[in-house]
Amino acid sequence: MGDIQLQNTLTGRKESFTTLHPGEVRMYTCGPTVYDFAHIGNFRTFVFQDLLRRFLKSEGYRVVQVMNLTDVDDRIIANAAAAGIGIGEYTEKYALAFLEDCRTLNLEPAEQIVRATDHIDDMVALIRRLSEKSFTYPSDGSIYYRISKFPDYGKLSKIDLSGIQAGARVEVDRYEKADARDFALWKSPKPGEHFWETPIGPGRPGWHIECSAMAMKYLGETLDIHTGGVDLTFPHHENEIAQSEAATGKPFARFWLHAEHLIVEGEKMSKSLGNFFTLRDLFAKGYKPSAIRYLLASVPYRSQLNFTMAGLQQAASSVERLRNFVTRLKTERFGAGQSEAIADRLHQAEEEFRAGLADDLNTAQAFAAIFDLVRDVNTAIDRGEFRQGDVAATLAAMESFGSILAVLKDDDAQKLAALGFGSSEAPLTDVEIEQLVADRQAARKRRDFAAADRIRLQLADRGIILEDTRDGGVRWKRK
Ligand code: AMP
Ligand code: ZN
């Protein structure tokens, strides 16, 4: 296991990653609130977490990741009531859709995916523990956390508490930045609302307590890594720290990693702004899971990702380029022997790829290492400098990149069909294909490579694969 640098929000610095238990990473991820379909902004954060766990595993760590599903909160209660159904029935559809979306994006499932409503007892026990230590006070049947009792409050988000009125309370789970007030651990039921009868009274949990309770239940009192999107830093993660550390007296999480937002025209993609796409919206427009995953992965997680359809098109061609390269290695025949230069080049690419990821998951740098390699090997092939004996090692290198990228396997069509997005278009006729191939050749001749790429993608979408031959011609075949 080599050195891995991670930017820790808690310390504000890049630090060498270490684990509390040798070789084992215990990681908690705030999952979605299942009140609607997740949007691709949410998936930006989930893809980052997937890259992180895949990279840590490739470095030899055992990863134990816990992800929650928030299946009770203000919005869920309101929406379920409006729909005239129970919260369980209301959230089930979105929980299943979320898990399906994760599979579609090749997100490895967390070792434990846990629902808040299955852990009410654990939350009640944690609230009682806090009450025993006088960190809580009751008010109108609800129970609040007393922030003034926890001097470390603000250490994660660096929020300035001066000017905050002690004892002021906030009723809702999600509130404005810089509004640090005592938050509800337990909420008394309003008439007609879903509630649980418990030793601390009837009611339901506040949003923050679920993550502290479930994280510590499955991962122990101190976690190695806690992740989420930047919007969770305050108040959610600050409150998780306040709850957990007040109860245990131990550090709650050693590394806090936050993904920057996916934005659209300068604004955060979010439900409330109405500027969001779900995966299904994009599939309906004809985009593929692999292109979406690639786009979300390609911008380093600490930078904002500006979402555009053009960017998604580009991501689709990047994925095609990688897949075509692998196809070329598998289908072409090369001269006998083995080249030392190629072996060295592969080694260099593997080192650069790893170095990129080990530098706080710099995917831009890591992915560039792959494309540089693809370019160089293609050139070597064209010059006849690539040998049959180099194929296995080159494919192995691509496979190891692919184990983290997770876009090389050409299974988009099956995934889309499973979700009901199969192509209903009639297959292209040979004449139509020949015409498009000729259009593409013409575009290449006038050096309009963007147009040529577009045609190639258009053909690929209809199941036609092109192979450029060495003499400048093109062969095509149906998938
Ligand atoms: P939520 O369902 O709102 O709790 O969000 C689930 C995850 O998505 C959290 O980690 C959020 O921080 C993250 N998230 C929400 N909006 C965005 C966005 N526009 N870009 C990136 N991550 C986001
Ligand atoms: Zn959380």
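Counting starts at 1 for both ligands and their atoms, following the listed order.
Inspection of the Thr308 and Asn306 side chains reveals no N or O donor paired with an N or O acceptor under 3.5 Å. In summary, the side chains of Arg146 and Tyr137 do not present any donor paired with an acceptor at a separation below 3.5 Å, with no hydrogens or angles considered. In summary, the side chains of Ser212 and Gln243 do present a donor paired with an acceptor at a separation below 3.5 Å, with no hydrogens or angles considered. Using modelled atom types and a 3.5 Å distance limit, the side chains of Thr278 and Asp281 yield a donor-acceptor pair.
Note: an N/O pair closer than 3.5 Å links Met269 and ligand 1 by distance alone. Residue Glu260 places no N or O, backbone or side chain, under 3.5 Å from any N or O of ligand 1. The shortest N or O to N or O distance between Thr45 and ligand 1 is below 3.5 Å. Between Leu262 and ligand 1, at least one N/O pair is under 3.5 Å apart. Considering backbone and side-chain N/O of Phe46, none are found under 3.5 Å from N/O of ligand 1. Ligand 1 has no nitrogen or oxygen under 3.5 angstrom from a nitrogen or oxygen of Leu232. Between His261 and ligand 1, not a single N/O pair is under 3.5 Å apart.
Residue His39 places a heavy atom under 4.0 Å from ligand 1.
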Chi angles and distances behind the salt bridge (charged side-chain N to carboxylate O under 4.0 Å, His left out) call for Asp74, Arg204: CA-CA 10 Å; Asp74 301 335; Arg204 61 189 170 88; 3.3 Å; yes
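Contact annotation: Cys30 places an N, O or S atom under 2.8 Å from the Zn ion (ligand 2). Among the atoms of Cys211, an N, O or S atom is found under 2.8 Å from the Zn ion (ligand 2).
The atom of Glu240 that is an N, O or S and sits closest to the Zn ion (ligand 2) is OE2.
Note on Lys250 versus Glu221: salt bridge recorded, some NZ/NE/NH1/NH2 to OD/OE distance being below 4.0 Å.
When heavy-atom distances to ligand 1 are checked against a 4.0 Å cut-off, Asp231 comes that close only through its side chain, counted from C-beta outward.
By the 4.5 Å heavy-atom criterion applied to side chains, Phe43 and Cys102 are counted as neighbours.
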